[in-house]
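Below you'll find the structure, written out as structure tokens, and then a few comments.
Start at 1 and go down the list; that is how both ligands and their atoms are numbered. The first residue of the sequence shown is numbered 1, and numbering continues consecutively from there. Values below: every heavy atom of this structure, side chains too, minus hydrogens, waters and symmetry copies.
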Amino acid sequence: MSSIFDSYSRLMRFPPVIIRYDRIASTNTEAAEQARRGAPEGVCIVARAQTSGRGRQGRTWASPPDAGLYFSIILRPTVEERWWPLISLIGALAARDALRIVCSVEADIKWPNDLLINGKKICGVLAETVEAEGGRACVLGVGINLRSIGWPTELAASATSVEAETGAVPDGERLLQALINALDAWYALLHTETGPEAIRRAWEHRSSYAFGKRVRVAVEGRTVQGTTRGLEPTGALRLETESGEMLHLYSAEIMELRELETGGDPDSRRSDPG
Ligand code: BTN
């Protein structure tokens, strides 16, 4: 069976330039700053630690030294803007590929782009648009938990790391290279005619949240419960509410109802581990 990896040698889009820091506030913030100043597509910012790591929905991303892969890349997509939401899905697909290839770890994708193992988070993705010199750019940030060290104690129950899952400290450098290769391939695919549809299907195939998952979500100040019904072509999650309404979610925090019944509380997660 052919896979996305068979196409790696044909589908390359940017030569990566990696800029490394021992410590930085946030790789996403630095990448955005460089994009604003005109840095080209493919510039990657990698740090051993972040002092103000940022997560989705305004949360912080705890980033202790050498406990995670903290990575951001500048992208300057030339596809129509309606496809841009797929970039954050690509982040999750690429991180999932890298974890599988380098660490033999199989992660589930929770919409839109959290990677989970047995319900615990191992990776998060933060995609941001930047009004930059040379046009609007996108910064795609990925945080992968390598080791469960230095985390805030309250997160131990909801997070995991490669070391915790495999018993071995992963080779961060190999994981970084695999992540960049996978990102490059998925991103090149996005720029083909059938790419958006292929990305949507690939995401649906790799996520247990795509179809038939009962979830609760806060939307525009109200909390609704419903069942997931796959993705819209542009990456929005279709949620059929209990009253039969079909919502299209672009940005929200969903919570599996089974988790809620067993004591999980989406609002209690003030920060995510890095
Ligand atoms: C989330 O799940 O909330 C997204 C977390 C994204 C964290 C990464 S770590 C590298 C990059 N720099 C940041 O400040 N955030 C992202």
Side-chain angles (χ1 to χ4, degrees), residues 16 18-35 39 43-75 85 87-96 98-99 107-117 119-130 137-147 149-152 154-155 158-162 170 172 175-176 179-180 183 207 209 217-218 237 249-255 264 266-274:
I18 302 175
I19 303 173
R20 296 170 192 270
Y21 293 82
D22 275 342
R23 215 163 71 117
I24 198 169
S26 154
T27 57
N28 258 45
T29 304
E30 175 63 21
E33 197 43 52
Q34 296 215 15
V43 168
C44 304
I45 310 292
V46 180
R48 290 178 58 199
Q50 296 184 117
T51 53
S52 303
R54 296 187 289 109
R56 292 176 58 240
Q57 313 271 335
R59 289 190 298 256
T60 59
W61 184 261
S63 312
D66 300 321
L69 177 60
Y70 313 122
F71 165 89
S72 301
I73 185 166
I74 297 173
L75 300 173
I87 293 171
S88 91
L89 304 188
I90 283 174
L93 288 167
R96 186 181 179 282
L99 280 169
D108 187 15
I109 310 180
K110 178 184 174 191
W111 186 85
N113 48 31
D114 288 350
L115 294 190
L116 308 181
I117 296 180
K120 290 187 170 188
K121 186 158 167 173
I122 195 164
C123 169
V125 174
L126 178 65
E128 300 177 299
T129 52
V130 182
C138 175
V139 169
L140 184 63
V142 178
I144 300 180
N145 303 331
L146 302 179
R147 310 188 66 191
I149 49 172
W151 291 354
E154 74 272 14
L155 294 173
S158 59
T160 189
S161 65
V162 175
L175 195 59
L176 171 65
L179 174 65
I180 292 172
L183 264 179
S207 171
Y209 281 76
V217 63
L237 180 69
L249 306 176
Y250 274 98
S251 169
E253 206 59 45
I254 61 170
M255 190 73 180
D267 298 328
S268 72
R269 302 189 68 206
R270 302 307 309 157
S271 67
D272 275 324

Problem set entry | Part of Lys121 with heavy atoms under 4.0 Å of ligand 1, whether side chain, backbone, both or neither | side chain

Exercise. If you measure from atom 15 (N) of ligand 1 to every heavy atom of Arg56, Arg54, Glu128, which option wins on shortest distance?
Worked result: Arg54

Exercise. In terms of atom number and element, which parts of ligand 1 are under 4.0 angstrom from non-hydrogen atoms of Gly53?
Worked result: 14 (O)

Seminar exercise, completed: Distance col, row Leu179:CG vs Phe71:CZ, nearest 0.5 angstrom, shows 5.0 Å

Exercise. So which heavy atom on Pro112 is nearest to which on Ala252, and how close?
Worked result: CD-O, 4.3 Å

Exercise. If you measure from CG on Leu126 to CZ on Arg54, what distance do you get to the nearest 0.5 Å?
Worked result: 5.5 Å

Exercise. What atoms of ligand 1 come closer than 4.0 angstrom to any heavy atom of Asp114?
Worked result: 2 (O)

For this session: Under 4.0 Å from a heavy atom of Gln50: give me the atoms of ligand 1 that qualify, with their elements.
Result: 9 (S), 10 (C), 11 (C), 12 (N), 13 (C), 14 (O)

Problem set entry | Atom of Trp151, atom of Ala159 and distance for their closest heavy-atom approach | CZ3-CB, 3.4 Å

For this session: Identify the two heavy atoms, one from Lys121 and one from Leu116, that lie closest to each other, and give their separation to 0.1 Å.
Result: CA-CD2, 3.6 Å

Exercise. At a 4.0 Å threshold, what atoms of ligand 1 neighbour a non-hydrogen atom of Gly55?
Worked result: 1 (C), 3 (O), 4 (C), 5 (C)

Exercise. Looking at Cys123 and Asn145, what are the two nearest heavy atoms and their distance?
Worked result: N-ND2, 4.5 Å

For this session: Report, in ascending order of atom number, the atoms of ligand 1 lying under 4.0 Å from any heavy atom of Ser26.
Result: 12 (N), 13 (C), 14 (O)

Seminar exercise, completed: For Phe71, the ligand 1 atoms with a heavy-atom partner under 4.0 Å come out as 10 (C), 11 (C)

For this session: Indicate, as side chain, backbone, both or neither, the part of Val125 found under 4.0 angstrom from ligand 1 when only non-hydrogen atoms are considered.
Result: backbone

Problem set entry | Thr27: numbered ligand 1 atoms lying under 4.0 Å from its heavy atoms | 10 (C), 11 (C), 12 (N)

Problem set entry | Lys110 NZ to Leu115 CG distance, which is reported to the nearest 0.5 Å | 12.0 Å

